[in-house]
Novice: 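Supplied in structure tokens, the structure appears directly below.
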Number of protein chains: 2
Amino acid sequence: MTRDTRTRLLEASAQLFREQGYAGTGLKQITAAGGAPWGSLYHFFPGGKEQLGVEAVAHSGSRYLRLFDLVFDRAEDDVVRSVRDFFQLSAEALHKSDWADGCPIATVALEVASTSEPLRHACVEVFASWRESIARRLAGAGIPEARAADLATYVLCAFEGAIVLSRTDRDTRPLRVTADIVAGTLGAELPG
Amino acid sequence: MTRDTRTRLLEASAQLFREQGYAGTGLKQITAAGGAPWGSLYHFFPGGKEQLGVEAVAHSGSRYLRLFDLVFDRAEDDVVRSVRDFFQLSAEALHKSDWADGCPIATVALEVASTSEPLRHACVEVFASWRESIARRLAGAGIPEARAADLATYVLCAFEGAIVLSRTDRDTRPLRVTADIVAGTLGAELPG
DNA sequence: GTCTATACGGTGATAGAC
DNA sequence: GTCTATCACCGTATAGAC
């Protein structure tokens, strides 16, 4: 059974927003990509493009949050390894998508930070949820909570920036180089 | 004497692109902000919006390159201090501009990475020039050249990501936290 | 040579057919 | 209740007035 129309619209939006940005993507293009008739958009999202954007950001955000947990669970006892895996997986995904699949939030976040409070706030919440997820794992590895929170922010910043550079350059090197150095930082902070 | 019309158009473009993105900024808005009549745009930029974008990216890029050099020169003997200053200055500029003045390249880079080769290439060149500038200073402080290049990439990634987070959150904390940790990384790499 | 007025396509949004 | 046909508007680009 194929996903319902509403979900297809949400996922088509998320994909197009991350490739082309929010302003650069038309609603017509979204309905076409989602295989949904034009009229259904305003049926499911009466708030128009902005509501669709807010929900698409939240949707992508929670999908990636689950992916974080998956990667962390896979190497439960080695948090540094998990962070490294995450950079590695992102590099592969980016390359395999012909450099289209970067961060699903960052492009929209930069576009709307000064132009739409509802959208900006949706991005704030996603970033916060990601940071919290990373911080919890670092704390679980024995790093004091306050320090774990700062390190999580640092990891996410380095990760986001590396995606910007790798996607622009069409080269996984920024992600690989940054992963190595960030892993070194985290390794030095672990107790024992 | 006021700058010439062409330059005003270029700088208005650069400012609007960084606040709202490339797709989200109209040519009408650019001419209005630059105090230039509508017709002058296609006189100075016959290649239309894309040419204007390419030149605006290059213009911002070289302005920031000069700023890099200025900050590095100010504390010539302490490259870690310079990097820290750069994060600090960016945090101040971001806050003082009411969270509008982030990176003049990153927003456009993410928007166009999959949609315009000329624009993407302009962004590639700017990032490369910035990395090279940082790498040269790190090498000058005694770090082997290959390692200096990797560290420069790392610094730029962390910096770009921190701007994304700080601008989205409207909080200088990501920039401050990341600056501290990156400074620590660099400090540990210096000889002596 | 510089720019005002206009063309044409695509945008987000809606009213009314089924 | 679901969606097709249409709207008014703004986007980029251009032709021709000065």
Side-chain angles (χ1 to χ4, degrees), chain A residues 1-57 59 107-108 111-112 114-120 122, chain B residues 1-57 107-108 110-112 114-120 122:
Chain A
M1 183 61 186
T2 172
R3 301 175 313 265
D4 66 357
T5 301
R6 201 188 138 91
T7 305
R8 287 207 313 278
L9 282 172
L10 228 38
E11 297 190 347
S13 304
Q15 181 61 30
L16 289 166
F17 289 162
R18 99 158 140 184
E19 280 184 43
Q20 316 177 340
Y22 176 77
T25 301
L27 297 182
K28 300 254 169 76
Q29 195 181 2
I30 289 171
T31 52
W38 165 241
S40 67
L41 201 148
Y42 279 86
H43 170 66
F44 291 115
F45 303 94
K49 193 180 190 182
E50 195 167 63
Q51 182 190 352
L52 183 59
V54 167
E55 293 200 32
V57 165
H59 185 80
T107 312
V108 177
E111 282 183 281
V112 305
S114 303
T115 56
S116 163
E117 277 300 296
L119 271 165
R120 182 184 71 83
Chain B
M1 183 61 188
T2 171
R3 300 176 314 266
D4 66 357
T5 302
R6 201 189 138 90
T7 305
R8 288 206 313 278
L9 281 171
L10 228 39
E11 297 190 347
S13 304
Q15 182 60 30
L16 288 166
F17 289 163
R18 99 158 141 186
E19 281 184 42
Q20 315 177 339
Y22 177 77
T25 302
L27 297 182
K28 299 252 171 76
Q29 195 182 2
I30 289 171
T31 52
W38 165 241
S40 68
L41 200 148
Y42 280 87
H43 170 67
F44 291 115
F45 303 94
K49 193 181 189 182
E50 195 168 62
Q51 181 190 353
L52 182 60
V54 167
E55 293 201 32
V57 164
T107 312
V108 177
L110 289 178
E111 283 183 279
V112 305
S114 302
T115 56
S116 164
E117 277 301 296
L119 271 164
R120 182 184 71 81

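Each chain gets a letter, A, B and so on, in the order the sequences are listed, and its residues count up from 1.
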Novice: For the CD1 atom of B/Ile30 and the CG atom of B/Leu41, what is their distance to the nearest 0.5 Å?
Specialist: 6.5 Å

Novice: With sequence neighbours excluded, what pairs up with B/Thr25 under the side-chain hydrogen bond (donor to acceptor under 3.5 Å, both in side chains) test?
Specialist: B/Gln20

Novice: Residues of residues 44-55 of chain A with any non-hydrogen atom less than 4.0 angstrom from an atom of DNA chain D: list those, numerically ordered, please.
Specialist: none

Novice: By side chain to side chain contact (heavy atoms under 4.5 Å, CB included), which residues pair with B/Thr5, not counting sequence neighbours?
Specialist: B/Arg8, B/Leu9, B/Ala36, B/Ser40, B/Phe44

Novice: Name all pairs fulfilling the side-chain hydrogen bond (donor to acceptor under 3.5 Å, both in side chains) condition that reach into residues 43-54 of chain B, sequence neighbours left out, sorted by first residue then second.
Specialist: B/Glu50-B/Ser116, B/Gln51-B/Glu55

Novice: Which residues satisfy the side chain to side chain contact (heavy atoms under 4.5 Å, CB included) test with B/Ala33, sequence neighbours excluded?
Specialist: B/Ala12, B/Leu16

Novice: Using the rule given for side-chain contact (heavy atoms from CB on, under 4.5 Å), can you reason through B/Thr107 versus A/Thr107, listing the C-alpha separation, both sets of side-chain angles and the distance that settles it, and then say yes or no?
Specialist: CA-CA 7 Å; B/Thr107 312; A/Thr107 312; over 6 Å; no

Novice: What is the first contacted nucleotide of DNA chain C and what is the last, in 5' to 3' order, if contact means an atom lying under 4.0 angstrom from a heavy atom of chain B?
Specialist: C/dT2 to C/dA5

Novice: List for me each residue that meets side-chain hydrogen bond (donor to acceptor under 3.5 Å, both in side chains) alongside A/Thr7, sequence neighbours excluded, and say none if there are none.
Specialist: A/Asp4

Novice: Would you classify B/Thr5 as touching base, sugar-phosphate or nothing, given that sugar-phosphate means primed atoms plus P, OP1 and OP2, and contacts are heavy atoms under 4.0 Å?
Specialist: nothing

Novice: Check each residue of residues 27-43 of chain B for a non-hydrogen atom within less than 4.0 Å of any atom in DNA chain C, then write out the ones that pass by number, or none.
Specialist: B/Pro37, B/Trp38, B/Gly39, B/Ser40, B/His43

Novice: What residue pairs, at least two apart or across chains, pass ring-ring contact (aromatic ring centres under 6.0 Å, His included) with a residue in residues 14-38 of chain B?
Specialist: B/Phe17-B/Tyr22

Novice: Could you note down all residue pairs passing salt bridge (charged side-chain N to carboxylate O under 4.0 Å, His left out) where residues 13-30 of chain B supplies at least one of them, sequence neighbours left out?
Specialist: B/Arg18-B/Asp101

Novice: Which residues pass the side-chain hydrogen bond (donor to acceptor under 3.5 Å, both in side chains) test with B/Thr31, sequence neighbours left out?
Specialist: none

